[in-house]
Protein chains: 2
Amino acid sequence: MKITEAKAQFINSWGALGSQWGINRTMAQVHALLLVAAKPMSTDDVMAELNISRGNANMNLRELMDWNLVDKVLVSGDRKEYFTAEKDIWKVATAIMYQRKKRELDPMMKVLTQLSNVETSGAADAEEVAAFTKAVKDIKKFTEQADKTMDTIIKAEENWFWSSFLKLFR
Amino acid sequence: MKITEAKAQFINSWGALGSQWGINRTMAQVHALLLVAAKPMSTDDVMAELNISRGNANMNLRELMDWNLVDKVLVSGDRKEYFTAEKDIWKVATAIMYQRKKRELDPMMKVLTQLSNVETSGAADAEEVAAFTKAVKDIKKFTEQADKTMDTIIKAEENWFWSSFLKLFR
DNA sequence: TCAAACTTTCAAAACTTTTTGAAAGTTTAT
DNA sequence: ATAAACTTTCAAAAAGTTTTGAAAGTTTGA
């Protein structure tokens, strides 16, 4: 397989994966492009490689910087901005976990906490309230554990994580 | 807070969460509705609660059954089909993990394996090929570990999981 | 200070996904 | 066998998301 073809396929699959997980397909593709790039790329490079507009390239590069997956780098003798992706996959994974937890899981946790206080307004809906309360309580308990686990992983060193994890599961 | 309000908020938040993670918002809402329901619901019940069409309700109920999150139940003396959600959150989480791994992660893994074989076609692209190969290799290695970890979690007993796993990660 | 080189913004257009609802299909009771 | 009760399908419409590109904004070097 040739490098051009291989790159295209990687970008394509990474884009599809992102898209299936609620990430803008183009953002994932830009990320993929930078992940496998040998050196920093400019906005124009990204535009040319992915056949996208300047606005689109700019927007997604900035979004990737917000996620701490991409950094600006200065190339001396050039006025353009260049971009590189974080290549350490453990760091990539924990950055994504951190962001998604913060943006999407934490708000759900907050709602679950609020919902733990429902009044039983009379005998009429006792059963309904009981079912609701139990479900919310269970989901909250699970989410709290998952939350703690994720916090640990986010802070963990890669080697420590894999080695202690593997010890448990063998 | 009143039960009706609380339910509505839970359904809303669960729907938003699903949506952010690439799951059809209505599918997540139907799931939420059934998760907190005191007893099985018919298609008409779901339609009425969520204000959605028959086609939409039917489609999402079937999809939830495909994910093994919802089951048909027979209510004697009624010709309609009724539906309940799996309420054990550990089972819910592992079912979701299993499905998403199978549908979305496994295909990526397959692509990564294929991409491990790229030719260095001359000295011109040596650097480019090296960067690509290293990135793909690293991602593949990480994904393999994550894969194994997920398989273990999916097969694990809830109690065993929380007791041994969380001793480490808290 | 100026203007060239570059980045950002955002309204409108293009595209994608979801929803609707009526028609077709299936099951069940008599 | 029939018809009522129900479920499924799917083409068209609606809603939601993404992309474009040109105008506005910013930075830099002479």
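The figures here come from the full heavy-atom set of this structure, side chains too, leaving out hydrogens, waters and symmetry mates. The shown structure was predicted, so the numbers you read here are calculated from the model rather than taken from an experiment. Convention: sequence-line order gives letters A, B, ...; per-chain numbering from 1.
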(request) Find out whether the Lys NZ or Arg CZ of A/Arg100 is both under 6.0 angstrom from the six-membered ring centre of B/Trp21 and within 45° of the ring's axis. (result) yes

(request) Identify whether B/Met59 and B/Met65 are in the same connected component of the hydrophobic contact network (ILVMFWY, side-chain heavy atoms under 4.5 Å). (result) no

(request) May I ask you to check whether A/Trp67 and A/Tyr98 place their ring centres under 6.0 Å from each other? (result) no

(request) Scan B/Ile11, B/Asn56, B/Leu64 and name whichever one has a side-chain contact (heavy atoms from CB on, under 4.5 Å) with B/Val30. (result) B/Leu64

(message) What I'd like to find out is whether the side chain of A/Phe83 reaches to under 4.5 Å of the side chain of A/Val46, using heavy atoms alone.
(response) no

(message) Applying side-chain hydrogen bond (donor to acceptor under 3.5 Å, both in side chains), can you list everything that pairs with B/Thr4, at least two apart in sequence or on another chain?
(response) none

(message) Checking the side chain of B/Asp45 only, and the main-chain atoms of B/Ser42 only, is there a donor and an acceptor separated by less than 3.5 Å?
(response) yes

(request) Could you tell me which residues satisfy ring pair (Phe, Tyr, Trp, His ring centres under 6.0 Å) with A/Phe132, sequence neighbours excluded, listed by chain and number? (result) none

Extract from the structure each pairing of a protein N or O with an N or O of nucleotides 11-14 of chain D at less than 3.5 Å, listing the distance.
none

(request) Check DNA chain D against residues 50-63 of chain A and give the residues with a non-hydrogen atom under 4.0 Å, in numerical order. (result) A/Asn51, A/Ile52, A/Ser53, A/Gly55, A/Asn56

(request) Could you state the atom-to-atom distance from CZ of B/Arg25 to C1' of C/dT17 in whole Å? (result) 12 Å

(message) Short of 4.0 Å, heavy atom to strand atom, which residues of residues 9-24 of chain B count as contacting DNA chain C?
(response) B/Asn24

(message) Test of understanding: with side-chain hydrogen bond (donor to acceptor under 3.5 Å, both in side chains), list the residues that count as partners of A/Ser19, not counting sequence neighbours.
(response) A/Arg25

(message) Quick check on contacts: within residues 26-43 of chain B, what sits under 4.0 Å from DNA chain D by heavy-atom distance?
(response) none

(message) Tell me whether the rings of A/Phe142 and B/Trp90 are parallel (<30°), tilted (30 to 60°) or perpendicular (>60°).
(response) perpendicular

(request) Among residues two or more places apart or on two chains, list those pairs meeting salt bridge (Lys or Arg N to Asp or Glu O under 4.0 Å) that have a residue in residues 48-58 of chain B. (result) B/Asp44-B/Arg54

(request) State plainly whether one hydrophobic cluster holds both A/Val75 and A/Met47, where clusters connect Ile, Leu, Val, Met, Phe, Trp and Tyr through side-chain heavy atoms under 4.5 angstrom apart. (result) no

(request) Check for a donor-acceptor pair, side chain of A/Ser13 on one end and backbone N or O of A/Phe10 on the other, with a separation under 3.5 Å. (result) no

(message) Please give me every residue in residues 73-83 of chain A whose heavy atoms get under 4.0 Å of an atom in DNA chain C, ordered by residue number.
(response) A/Asp78, A/Arg79, A/Lys80, A/Glu81

(message) Test your reading of the model: is there a side-chain donor-acceptor pair from B/Lys87 to the backbone of A/Ala135, 3.5 Å cut-off?
(response) no

(request) To the nearest 10°, let me know how far the axis at one end of the helix from C/dT1-D/dA30 to C/dT30-D/dA1 is tilted from the axis at the other, five pairs an end. (result) 20°

(request) Mind checking side-chain hydrogen bond (donor to acceptor under 3.5 Å, both in side chains) for B/Arg103 and listing every partner two or more places apart, or none if nothing turns up? (result) B/Gln99

(request) Report the residues that fulfil side chain to side chain contact (heavy atoms under 4.5 Å, CB included) with A/Asn24, sequence neighbours left out, ordered by chain and then residue number. (result) A/Thr26, A/Met27, A/Asn60

(message) Treating B/Glu86 as the side-chain partner and B/Asp88 as the backbone partner, does any N or O pair qualify as donor plus acceptor under 3.5 Å?
(response) yes

